[in-house]
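Since the structure comes first, as structure tokens, the remarks are kept for the end.
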Amino acid sequence: MKDLITLEEYIIQAQNKFPGATGELSQLLRDIGLAAKIISREVNKAGITNILGYEGSENVHGENVKKLDLFANEQLISALSRSNITCMVISEENEGIVRLSGEAGKYIVYMDPLDGSSNIDVSVSIGSIFSIYMRDDNNKKLSEEEALKPGTEQVAAGYVVYGSSTVLAYTTGMGVHLFTLDPSLGEFILNDSDVKIPEYGNIYSADEGSYNFWDPGLKKYVKYCQEIDADTQRPYKARYIGCMAADVHRTLLQGGIFMYPDSTKYPNGKLRLMYECNPLSFIIEQAGGLATDGNQRIMEIQPASLHECTPIYIGSKNNIEKFKEFFVEE
Ligand code: AHM
Ligand code: MG
């Protein structure tokens, strides 16, 4: 039987390669892995436990919050509180910073606890996304400003997709490692270490229903994707799950491009820089792909606020480079 390596074992093996490591980041990743298992269990029985449906409140973006969003938020915050390693959490579900364990922890965690939550009611993939930064100075008073770092300063990031299987991918800046949850063992099992995105893919992913809100350059690019040309495997296939974590996961494995542009409807795009775009850009770049807002690398954007949005075009290197030709044309 092929040796099974669990997420916990893998993280510890990786840590042992660095004799000076304190083990704190490893612990933090394991805590997130535990929360992901609990969320996965609830997601799978969401219908039968009557956990579906609107919770009744609105989140900081004025969107309806469903019970499972709150459940996932609570599970992740509670997992991150266990080890006194994390000083603050910034979540899609909380307007301000959430302080944990006083000022002691040296890590700052951003997260989207349940991405794509409109998919819950129809049993389509949803996800969790996380992004981890280290504090500059543990003795400083915690502040929102301290959390406003560009994505290049992430020390780790990852996502979980609750799909036909539950998968978890993470990076600490040394490649992307992918695990699948075996529900009978209750363990994430290593699929692949150092996953690479195909250099080119024939899938494009965007909410094309919003076509009339888009810039002319983007419209032309999408028409390019639809043209017939065997040499470049066009027309591309269109795929759009409506859960960025799941759409980016497919892009990681099969290549292509995922786009959530700015538009007359969403002048700054809709996806959040700090807990959607930066962590998924870190993953895709570590796998050999690219992520841009059209003008600059996503991870180099200097954030001005915790929940800000950005347009994003992310995927295989050759697809993003081709896309940029259309973008500069305008
Ligand atoms: P969320 O509030 O459930 O996290 O929504 C974010 C999601 C992304 O994952 C997805 O790509 C996008 O919003 C879908 O938006 P739209 O419905 O405009 O296509
Ligand atoms: Mg989201």
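In listed order, ligands and their atoms are each counted from 1. All values reported here derive from a predicted model rather than from experimental measurement.
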The atoms of ligand 1 lying under 4.0 Å from a heavy atom of D112, numbered in the order shown, are 4 (O)
Do F188 and F179 have ring centroids that are under 6.0 Å from one another? no
Can you find an N/O atom of Y266 closer than 3.5 Å to an N/O atom of ligand 1? no
Which ligand 1 atoms, with their elements, are less than 4.0 angstrom from a heavy-atom of M244? 8 (C), 9 (O), 10 (C), 11 (O)
Are any of the N/O atoms on G116, whether in the backbone or the side chain, positioned under 3.5 angstrom from an N/O atom of ligand 1? yes
Restricting to non-hydrogen atoms, name the atom on V160 and the atom on L168 that form the minimum distance, rounded to 0.1 Å. CG2-CD1, 3.9 Å
E146 versus Y133, side-chain donor and acceptor atoms under 3.5 Å: no
At less than 4.0 angstrom from any non-hydrogen atom of Y260, what atoms of ligand 1 do you find? 15 (O), 16 (P), 18 (O), 19 (O)
Ligand-side contact atoms (ligand 1) for residue partner E276, heavy atom cut-off under 4.0 Å: 4 (O), 6 (C)
Relative to the ring of W214, is the ring of Y211 parallel (under 30°), tilted (30 to 60°) or perpendicular (over 60°)? tilted
State, without any angle test, whether R250 and S205 hold a side-chain donor-acceptor pair at a distance under 3.5 Å. yes
Under-4.0 Å heavy-atom contact with ligand 1, by part of D247 that carries it: neither
